[in-house]
J.: 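Take a look at the following structure, please.
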Amino acid sequence: MAKTKEKTMSKLSKLSKVNESITINRYDNGFMVEVGGRDDENDWKTAKILCNSEEEMLAVVQEWNSM
């Protein structure tokens, strides 16, 4: 579980600020979480994270919520 969380956290690390909303898509083989925001240079960025399990998806949502 720890490796999964570290892997997920590195996905949102390119964003220094996140938008107020996110998008979660459910697929047959997992989830895709889309998070938009700004990077360190104040440019708009979008992170699209593929999650193979509900736990991974929840970890991304929790990280987004804490930013």
Side-chain angles (χ1 to χ4, degrees):
M1 178 86 169
K3 287 185 180 180
T4 303
K5 190 169 185 180
E6 288 175 16
K7 186 177 177 182
T8 303
M9 293 186 90
S10 67
K11 299 289 186 177
L12 289 183
S13 65
K14 72 179 186 177
L15 299 174
S16 59
K17 296 179 185 177
V18 293
N19 293 340
E20 295 174 351
S21 62
I22 62 173
T23 302
I24 300 172
N25 294 300
R26 186 177 66 176
Y27 300 117
D28 289 339
N29 61 344
F31 302 88
M32 197 251 323
V33 181
E34 186 174 345
V35 181
R38 301 269 185 163
D39 65 6
D40 290 333
E41 296 162 2
N42 210 28
D43 293 327
W44 290 105
K45 298 287 181 181
T46 301
K48 292 184 179 182
I49 301 108
L50 178 62
C51 304
N52 295 315
S53 68
E54 187 176 343
E55 292 80 21
E56 287 181 57
M57 183 262 304
L58 289 173
V60 174
V61 172
Q62 288 172 341
E63 182 183 359
W64 163 79
N65 195 39
S66 68
M67 291 181 76

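Heavy-atom basis, side chains included; hydrogens, waters and symmetry copies ignored. Residues: numbered from 1 along the sequence shown.
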J.: Donor-acceptor pairs are to be reported for all side-chain atoms of residues 20-33 against protein atoms at under 3.5 Å, with residues two or more places apart or in another chain.
T.:
none

J.: Just by modelled atom types, is the Arg38 backbone N or O under 3.5 Å from a matching donor or acceptor in the Ser16 side chain?
T.: yes

J.: Between CG of Asp40 and NZ of Lys14, what distance do you get to the nearest 0.5 Å?
T.: 12.5 Å

J.: Looking at every heavy atom in both Met67 and Leu15, which two are closest together, and how far apart are they?
T.: CE-O, 3.1 Å

J.: Considering non-hydrogen atoms only, spot the tightest contact between Glu56 and Leu50 and give its length.
T.: OE1-O, 4.4 Å

J.: OG1/Thr46 to CG/Asn19 distance, rounded to the nearest 0.5 angstrom?
T.: 7.5 Å

J.: How far apart are the closest heavy atoms of Leu12 and Glu63, and which atoms are they?
T.: CB-OE2, 3.4 Å

J.: So, for Cys51 and Val60, which heavy atoms are closest and what is the spacing to 0.1 Å?
T.: SG-CG2, 4.0 Å

